[in-house]
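Below: the structure, in structure tokens.
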Amino acid sequence: MLEFMEGSHAVAEIVKRCRPQVIAAYPITPQTHIVEDLAQMVANCELDAEYITVESEFSALSACLGASAAGSRVYSATTSQGLALMFEVCFNVAGMRQPIVMTIANRSLGAPLSIWNDQQDSISLRDSGWLQFYAEDNQEAVDLHMIAYKVCEDHDILLPAFVCFDGFILSHTYEPVALPGQEEVDAYLPAFTPYQRLDAEKPLSFGMYATPEYYTEFRYETDRALYRAKESFIKAGREFGEQFGRDYSALVEGYRLEDADTALVAMGSICGTAKDAIDEMRDAGKKVGLLKIRTYRPFPGPEIADALSGVSTVAVLDKNISLGGGGAVGTEVKAALYGSGAAVYDYIIALGGRDVRKRDVAAVVDLAEKGKGDMFYGLRTEVL
Amino acid sequence: MLEFMEGSHAVAEIVKRCRPQVIAAYPITPQTHIVEDLAQMVANCELDAEYITVESEFSALSACLGASAAGSRVYSATTSQGLALMFEVCFNVAGMRQPIVMTIANRSLGAPLSIWNDQQDSISLRDSGWLQFYAEDNQEAVDLHMIAYKVCEDHDILLPAFVCFDGFILSHTYEPVALPGQEEVDAYLPAFTPYQRLDAEKPLSFGMYATPEYYTEFRYETDRALYRAKESFIKAGREFGEQFGRDYSALVEGYRLEDADTALVAMGSICGTAKDAIDEMRDAGKKVGLLKIRTYRPFPGPEIADALSGVSTVAVLDKNISLGGGGAVGTEVKAALYGSGAAVYDYIIALGGRDVRKRDVAAVVDLAEKGKGDMFYGLRTEVL
Amino acid sequence: MTAAELIAFAAFEGGAYAQAFPAFGVERRGAPVQAFVRFSDAKIRLRSQVYEPDYIIVQDPTLIGDVDVFMGMKAGGIAIVNTEKPDFEASVPEGVKVYAIDATTIALEELGVPITNTTLMGAFAAATGEIQLEPLEHALRNRFSGSMADKNVRAAERAYNLIGGAV
Amino acid sequence: MTAAELIAFAAFEGGAYAQAFPAFGVERRGAPVQAFVRFSDAKIRLRSQVYEPDYIIVQDPTLIGDVDVFMGMKAGGIAIVNTEKPDFEASVPEGVKVYAIDATTIALEELGVPITNTTLMGAFAAATGEIQLEPLEHALRNRFSGSMADKNVRAAERAYNLIGGAV
Amino acid sequence: MAEVEQGCELFSAGHRACGGCGPALAARLLLKATGKNVIIASATGCMEVFSTPYPETAWGVPWIHSLFENVAAVASGIEASLKRQGRSEKVVCIGGDGATFDIGVLCISGAFERGHDITYICYDNEAYMNTGIQRSGATPYGASTTTSPPGACAPGGNPLPKKDMPAILAAHGAPYVATASIAYPNDFVQKVERAINTPGPCYIQVHTPCCTGWGFESGETLAMAKLAIDTGLWVNYEMVDGKVVKAKKVRRKPVEEYLAKQKRFRHLFKPARRDDVIANIQAIADANAERFGIDIKRKESSE
Amino acid sequence: MAEVEQGCELFSAGHRACGGCGPALAARLLLKATGKNVIIASATGCMEVFSTPYPETAWGVPWIHSLFENVAAVASGIEASLKRQGRSEKVVCIGGDGATFDIGVLCISGAFERGHDITYICYDNEAYMNTGIQRSGATPYGASTTTSPPGACAPGGNPLPKKDMPAILAAHGAPYVATASIAYPNDFVQKVERAINTPGPCYIQVHTPCCTGWGFESGETLAMAKLAIDTGLWVNYEMVDGKVVKAKKVRRKPVEEYLAKQKRFRHLFKPARRDDVIANIQAIADANAERFGIDIKRKESSE
Amino acid sequence: MALRVGCAAPPGRALDNKTGAWRVFKPVFDPETCSRCGMCAMVCPEGCVHETEEGTFEPDLDYCKGCGICEEVCPKKSIRMEKEEK
Amino acid sequence: MALRVGCAAPPGRALDNKTGAWRVFKPVFDPETCSRCGMCAMVCPEGCVHETEEGTFEPDLDYCKGCGICEEVCPKKSIRMEKEEK
Ligand SMILES: Cc1ncc(C[n+]2csc(CCOP(=O)(O)OP(=O)(O)O)c2C)c(N)n1
Ligand SMILES: Cc1ncc(C[n+]2csc(CCOP(=O)(O)OP(=O)(O)O)c2C)c(N)n1
Ligand code: SF4
Ligand code: SF4
Ligand code: SF4
Ligand code: SF4
Ligand code: SF4
Ligand code: SF4
Ligand SMILES: [Mg+2]
Ligand SMILES: [Mg+2]
């Protein structure tokens with residue numbers, strides 16, 4: 001049954017139903033509504049969890065790490081500067097293989113400070129070892145939280161995950177969402193069984209350091225676990241589809257790609273606008289499609305290459321910029337398509353809340369088809 | 001005149017001669033010797049600077065930001081966890097366009113904790129807007145500091161820079177270095193003239209926030225400045241060559257590439273070992289060469305494509321891993337060579353202090369020539 | 001919940017797909033703000049702001065003049081303006097129909113506070129025909145409880161009938 | 001400065017390119033450590049550890065047995081071992097020549113402390129012929145000043161002469 | 001009011017604070033006290049956001065913002081740089097209670113330990129207002145915020161007492177630590193003057209009610225600040241070298257007068273009275289009165 | 001010594017500390033005090049490095065290391081998790097002075113403010129030893145470290161006094177704060193027992209001389225710790241609810257006895273005596289004696 | 001207009017933002033009863049109460065947000081809040 | 001040996017590292033003069049001093065680093081440091 005609600009509220013509701021035992025989060029726009037809702041649920045005895053009102057994001061994730069290592073299912077949420085402040089802890093959590101799920105209400109990163117949306121924050125943590133899933137709409141955001149816990153806690157995986165949804169654009173938008181009920185969630189997501197935990201009955205030392213004899217192998221093991229997460233995601237997504245009727249068994253998803261000459265590649269909410277734009281372009285006779293990346297980490301390189309095999313021009317919409325190095329997704333898509341023969345162009349777009357309209361998507365397609373790309377799209381040259 | 005000394009000491013000596021007015025740094029292995037030397041120089045009245053013994057790297061770079069904005073030339077040094085802790089500040093400093101030079105004694109990033117060398121730390125800040133220069137040996141490390149200040153303080157650039165040199169492998173190695181004298185350094189590097197500064201005589205507000213109306217354009221301006229830094233680097237490197245006889249006018253540097261079929265691509269001290277290995281392979285009749293990347297940010301994509309235009313196989317030595325996404329340099333090299341027809345393979349190597357010998361370099365070339373790549377090299381499978 | 005969200009909610013209750021979102025910003029209490037609504041029979045995927053609205057509601061009439069509240073409107077569009085003075089001056093685009101309603105007074109009378117969301121919702125429903133009275137009431141009763149629900153429904157209905165007479 | 005750095009420094013003073021570095025580690029005071037030296041007529045670019053040393057110096061004889069200190073050595077190699085007992089037992093690779101010297105005693109006598117770096121440097125110079133006495137002395141005087149320089153030079157020379165006799 | 005220069009506002013109108021914003025008034029008063037020869041380092045928060053959307057700055061003096069949590073470190077660097085250059089500007093940090101009590105503690109502790117010649121002003125509106133009224137370490141016991149909401153499992157709202165930042169910074173060896181309130185503008189101005197003229201790191205915590213976050217009418221901002229003092233829930237005092245040297249005396253009113261006027265305490269009265277929580281809050285005021293000796297002894301019972 | 005269980009070492013031999021390491025002894029004593037029903041969270045530093053190179057851990061109890069600066073936050077999470085699970089392990093943090101006085105202050109301040117039921121032990125060897133003897137906020141005034149070296153422009157070595165962490169944490173409202181020393185092992189053990197059995201966040205700062213970093217013979221570790229107490233440069237005391245309730249009394253010796261034995265103070269004697277700095281250090285000891293009332297009055301002049 | 005490097009700007013531009021538009025109520029000052037204490041000017045968060053040539057005070061309605069603080073503090077009750085008419 | 005997920009390990013393995021090899025001096029305990037106070041065992045940073053069946057004490061030379069703390073604290077001077085001979 002669909003319900004009409006704010007994206008943040010929908011996320012909070014599903015998180016509640018995933019039954020985290022410890023929540024530690026620090027407020028930051030536009031993530032706040034989620035953690036405020038959770039705080040209220042705990043205060044109302046609707047959610048039986050410890051809610052730690054930490055003094056910073058650094059402590060938020062550190063507390064999550066401790067709680068996870070001690071054997072609890074944990075949850076956090078952040079964005080932008082908050083995620084940036086967690087950077088060191090994020091690498092640590094992944095290396096320590098703690099299955100923490102954290103919502104990222106994507107927002108740009110300063111300077112200049114901006115509370116508005118792009119995906120710089122999570123993308124700039126792409127090396128950290130966290131799984132990264134991007135939602136196109138609030139329904140997907142809700143569903144990905146359940147899948148994320150399932151994948152992360154899989155004893156073959158044991159990794160943390162970001163569930164990314166675009167700040168404001170999704171988090172502050174009211175739209176219809178189907179919220180699985182508690183029993184349904186319980187049926188899908190079993191209670192947390194830690195693989196190993198801090199326990200006086202069975203002492204273990206966690207987070208030892210690794211000499212050159214061992215370090216490479218630990219990193220390799222973590223990297224392998226990320227790649228194994230592909231299978232785990234597909235399985236969890238298929239099971240999700242079987243139970244809830246919404247299938248997430250694909251790491252990437254094509255839209256009207258079958259006979260497309262030109263493909264857009266994008267992540268998150270911009271995919272919705274792109275789809276509408278594509279419908280219009282299709283109506284105008286243009287063979288255009290979209291490839292949506294759902295799992296940015298592990299990066300689905302072969303899956304992208306496969307999905308785009310028939311396409312001659314690829315335009316990547318990058319809501320981030322690796323300063324002095326181009327858009328991150330564009331770069332990785334090029335590497336994935338290396339040797340394919342398709343022309344690939346990268347567009348830095350929608351930074352810091354710059355709105356994207358259907359006509360902007362069409363303009364990007366035009367540019368790509370004209371062979372112009374690897375550029376910022378939509379600059380207000382009048383202020384430069 | 002060559003002098004025989006430890007790499008860290010050579011760096012400290014050249015930093016002293018660059019006359020920083022404020023130094024704020026926090027100790028961390030293997031950066032410590034540099035900052036210890038500088039502390040001693042200040043104590044000895046050899047260096048007329050404020051040395052701030054901060055309580056953390058977060059404050060170190062924040063204090064540098066304040067000092068730079070107030071009109072001083074500043075210096076810092078760090079590595080690994082310390083750089084990770086600075087992540088948020090790094091993005092901020094670049095966006096605020098402060099010409100801070102910071103030495104990175106490259107080291108791996110935990111978990112697991114490791115004090116040993118690889119380049120994960122600086123590479124994981126590749127989006128941040130800092131220029132990144134990598135030294136092959138201690139001479140280059142010394143020289144790049146002077147060049148870095150010159151480029152950063154160029155009023156057309158106004159960006160911060162990492163001067164990266166491999167921790168331990170260079171920082172703790174004694175070898176001959178030519179140290180320019182104070183007058184020579186003064187002749188090359190003029191006194192610091194801030195472009196704008198905090199000043200009661202001429203008030204300005206620094207670091208305001210940007211609404212969606214302006215954010216994209218600020219990021220664009222910063223990105224442009226990074227690309228302009230290519231020209232600035234080449235100019236500063238050429239001038240350096242003219243004055244000191246060591247030329248740094250290239251962003252990338254080929255070694256025996258002219259007729260090479262296979263090219264290695266690498267950054268930092270591994271280039272030395274690779275060169276020796278290449279000489280041996282050449283002696284054995286193999287047409288192998290090396291492309292060394294000196295300026296990783298701005299990324300010299302076209303320069304790389306140009307330098308490798310005649311090569312059929314490319315093997316990238318990546319001393320980092322974007323977990324679940326491959327090596328960072330390999331990915332960017334593939335993007336840069338997109339459409340070139342060369343086969344490009346990526347090798348994750350030398351992580352966390354794993355030693356690399358000539359025979360390892362040769363083995364990588366063999367693998368590449370057999371079409372096997374995009375893998376970890378040199379795993380100790382016995383511990384997996 | 002803003003008027004935008006209430007309207008979208010009512011549209012959703014009436015069986016449509018709906019989307020509502022504010023113009024994301026840092027505005028403090030007192031500063032002028034905007035919000036957007038879409039509704040449609042099909043799932044709504046578009047995420048951009050609304051640049052060419054079919055309908056607009058102006059909650060604070062003092063903005064007229066300072067801001068071009070009718071920007072982007074096309075012929076056939078409908079504007080609902082909360083004002084005590086139905087004879088306010090503004091450059092309305094051609095073909096746009098304007099309904100003036102003193103929602104503040106209604107709200108004060110019915111709810112005791114000058115919060116005009118629900119009143120304007122009633123006016124919107126009547127002026128545009130996009131929402132029927134039943135889902136509107138349903139939405140309000142879902143949102144408010146007890147006597148607050150009754151009061152809000154009454155405010156909306158009063159506006160509905162007022163405008164309904166004018167349509 | 002370790003013996004390795006001193007030797008490399010002396011070689012550098014003698015006109016060679018040289019490189020010295022420790023086995024990078026976290027070892028605390030008291031734990032066994034290693035260091036490496038290369039010297040060459042050409043610039044040294046290689047950065048790997050030394051796996052097949054031409055020469056080794058063993059400063060702490062108690063390690064022999066616990067650790068294979070001669071690992072990687074080839075025929076023609078030279079080992080200098082600081083020991084009071086020239087008849088220590090160890091599995092020396094074929095063709096490796098071992099010089100035993102009681103550097104601790106010499107150091108204690110000449111410097112007053114059991115720091116054997118400079119003494120072993122003298123032994124190394126004599127045993128391998130890679131460093132001449134003059135750059136060695138130059139290196140030591142550059143490194144130490146005053147009476148400490150004299151003492152260290154004396155210790156090195158004593159070892160040099162002792163081993164020199166044996167060569 | 002002769003001591004305060006009129007007409008020339010260094011903190012200018014046109015900023016975007018809510019009408020009746022206590023922190024906005026504090027910013028104005030701060031610059032009245034410092035004059036032009038100052039450099040302000042500001043933390044992220046309401047004050048920064050309402051005063052500096054590019055390019056519309058309200059600051060007439062040199063001002064810098066870097067991050068939410070590093071303002072004291074930025075100021076350390078500024079101070080070191082000025083020292084090296086022989087310049088005379090005073091360096092003043094301004095941060096909200098979140099920036100000060102919580103996320104900024106690392107940089108503040110370091111700067112105070114190192115003894116930089118800076119003045120740190122915390123404008124205390126007792127929650128994270130910029131992000132929508134979440135609990136901070138300065139939120140008083142019993143107050144409702146969006147992250148310390150009342151509910152069946154947390155009937156009293158915020159369960160933790162207000163962190164004692166002045167004592168913490170006094171323990172750092174700060175030569176001058178003071179609390180102030182916008183209810184007494186001249187007192188605040190004088191304390192700022194004293195702080196910037198005291199060598200070493202000084203700290204002032206100024207009570208700045210926030211009508212939006214606390215839930216009262218915008219015109220009552222100063223009244224609310226005064227009531228905090230009159231109930232003993234806020235004490236204006238000065239500490240020199242760690243010792244309390246002066247505290248404003250009052251004839252105390254019951255805390256209920258203060259609580260009942262604010263939405264953030266409404267759950268203590270509705271749906272049911274929480275006498276336990278109110279009594280605890282009264283006990284906090286009593287303890288303050290005791291600790292700082294602020295009670296004016298009533299000589300005549302008729303008073 | 002009957003109260004300390006022998007034979008079964010929870011902190012095992014084979015760790016890689018320097019011979020004579022004070023912190024290594026503190027780790028052993030700590031686990032004697034806690035027994036098995038504990039979870040230890042450790043900060044990066046000498047103790048972590050010498051005890052846990054993979055896979056050779058010296059810890060016989062559950063132990064976790066995350067980063068240098070977040071141990072108190074990690075412990076907060078552990079405590080919350082145990083609470084939720086109804087488990088009984090005590091949660092103990094252990095961090096060096098650098099981890100505690102400097103980089104870890106944010107997480108510590110937060111954890112103490114929130115009132116978690118944890119015990120934080122700072123083993124204080126008065127510098128960053130793991131990275132090679134750099135100054136920390138705990139480094140005493142006048143000591144030489146690699147980042148506070150003596151020189152013509154800094155003749156006294158470290159120019160700053162030791163930060164007063166116990167007072168800072170007492171100001172956070174910690175119910176139990178104590179200092180201890182490995183010179184008095186049983187006292188340390190008893191204080192740990194008291195701390196872990198006191199609800200809420202408790203703090204113990206244990207003096208652990210470091211022969212390598214301070215420059216003395218490895219056999220003199222305990223002697224040096226004792227001398228610190230005997231000179232009044234270290235005071236063993238307990239604070240309950242912010243009030244000093246007990247301080248170890250001594251017949252004080254002049255500080256010079258302590259200083260002269262350590263390389264880190266050698267610049268105060270050679271090449272020239274720095275009587276000014278020595279006098280300042282004596283004044284610190286005198287102030288300690290005054291503040292804590294530790295002087296045993298000499299009844300007989302013959303003593 | 002070119003962007004200023006580092007998101008910096010010179011003072012003065014906040015005045016471009018006429019916050020008077022936010023007002024719902026407006027303060028009306030009565031110079032007759034005013035004691036010229038200056039309290040209203042001191043406490044206005046907008047700094048928009050100015051002294052007149054006569055030594056009494058008046059608000060700058062371009063910026064006055066109508067918060068009512070001046071009314072509340074005026075010891076002479078010389079300020080009265082009125083519903084804004086535009 | 002497979003790596004343990006998350007760089008974790010069970011207790012006990014430190015004992016693989018025989019730190020006795022570091023020793024330059026070694027403590028020699030004299031059971032004759034020992035008062036059995038146990039101080040030596042209490043203060044050894046290696047925890048390698050053990051009680052014998054007789055109630056006196058002896059070091060485990062596999063781990064003893066020869067620091068000399070036990071010698072220094074022994075109230076009976078029953079411990080003497082000797083140069084290590086291997
Ligand atoms: C690292 C980081 N975390 C979170 C935020 C979001 N944030 C910005 S301001 C703020 C609250 C500010 O509170 P306070 O310091 O009390 O100032 P106020 O807004 O109340 O004036 C928060 C949580 C941020 N900018 N950076
Ligand atoms: C963020 C970060 N900065 C710096 C370091 C380097 N580091 C590791 S331990 C240490 C010093 C530890 O000092 P202390 O806490 O006093 O412990 P000790 O080594 O003296 O026992 C430093 C600087 C680090 N690991 N992480
Ligand atoms: S929310 Fe409070 S602090 Fe922020 S601008 Fe409004 S009144 Fe001021
Ligand atoms: S350096 Fe000091 S603290 Fe570290 S292991 Fe050695 S003695 Fe212990
Ligand atoms: S109403 Fe408020 S903004 Fe207007 S003048 Fe009075 S105090 Fe200033
Ligand atoms: S506060 Fe009232 S009396 Fe005082 S100056 Fe203002 S208007 Fe006049
Ligand atoms: S010498 Fe040191 S390590 Fe050996 S037994 Fe005595 S105290 Fe223990
Ligand atoms: S310290 Fe000495 S007297 Fe006491 S038990 Fe040990 S050896 Fe015996
Ligand atoms: Mg606040
Ligand atoms: Mg320490």
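Order of the sequence lines fixes the chain letters, A, B, ..., with proteins taken first and strands second; residue numbering starts at 1 for each chain. Being a predicted model, the structure only gives us computed values, none of them experimental.
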> chain A: which of E/Pro149, E/Ser136, E/Pro155, E/Ala154 shares the most heavy-atom pairs with it under 4.5 Å?
Replying inline: E/Pro149
>> Please give me the minimum heavy-atom distance between E/Tyr128 and A/Val54, naming the atom from each residue.
In response: OH-O, 4.4 Å
> Where does A/Gln81 contact chain E at under 4.5 Å (heavy atoms): side chain, backbone, both or neither?
Replying inline: side chain
> Do E/Gln134 and A/Thr32 come within less than 4.5 Å of each other through their side chains, counting heavy atoms only?
Replying inline: yes
>> Is A/Leu85 close to chain E through its backbone or its side chain, or both, or neither, when contacts mean heavy atoms under 4.5 Å?
In response: side chain
>> Please classify the contact between A/Phe58 and chain E as side chain, backbone, both or neither, with a heavy-atom cut-off of under 4.5 Å.
In response: neither
>> Taking side chain as everything from C-beta outward and backbone as N, CA, C, O, which of these in E/Phe101 sits under 4.5 Å from a heavy atom of chain A? Side chain, backbone, both or neither.
In response: neither
>> Given heavy-atom pairs under 4.5 angstrom as the criterion, report whether the side chain, backbone, both or neither of A/Ile28 touches chain E.
In response: backbone
> Is it the backbone or the side chain of E/Leu67 that comes under 4.5 Å from a heavy atom of chain A, or both, or neither?
Replying inline: side chain
> Do you know the tightest heavy-atom contact between E/Thr44 and A/Leu113?
Replying inline: CG2-CD2, 3.8 Å
>> Nearest 0.5 angstrom please: A/Glu55 CD to E/Glu69 CD, how far?
In response: 11.0 Å
> Can you name the nearest heavy-atom pair linking A/Pro27 to E/Thr131, along with the distance?
Replying inline: CB-OG1, 4.4 Å
> Is the CZ atom of A/Arg357 crowded by more than 12 outside heavy atoms at less than 6.0 Å?
Replying inline: yes
> For the candidates A/Cys45, A/Ser56, A/Ser59, which exhibits the highest count of non-hydrogen atom pairs separated by less than 4.5 Å from chain E?
Replying inline: A/Cys45
> Most heavy-atom pairs under 4.5 angstrom with chain E, which of A/Pro30, A/Ala39, A/Gly110, A/Ala111?
Replying inline: A/Ala39
> Is there a donor-acceptor pair closer than 3.5 Å between any side-chain N or O of A/Gln40 and the backbone N or O of E/Pro150?
Replying inline: yes
> Can you find a heavy atom in the side chain of A/Glu57 that is under 4.5 Å from one in the side chain of E/Ile103?
Replying inline: yes
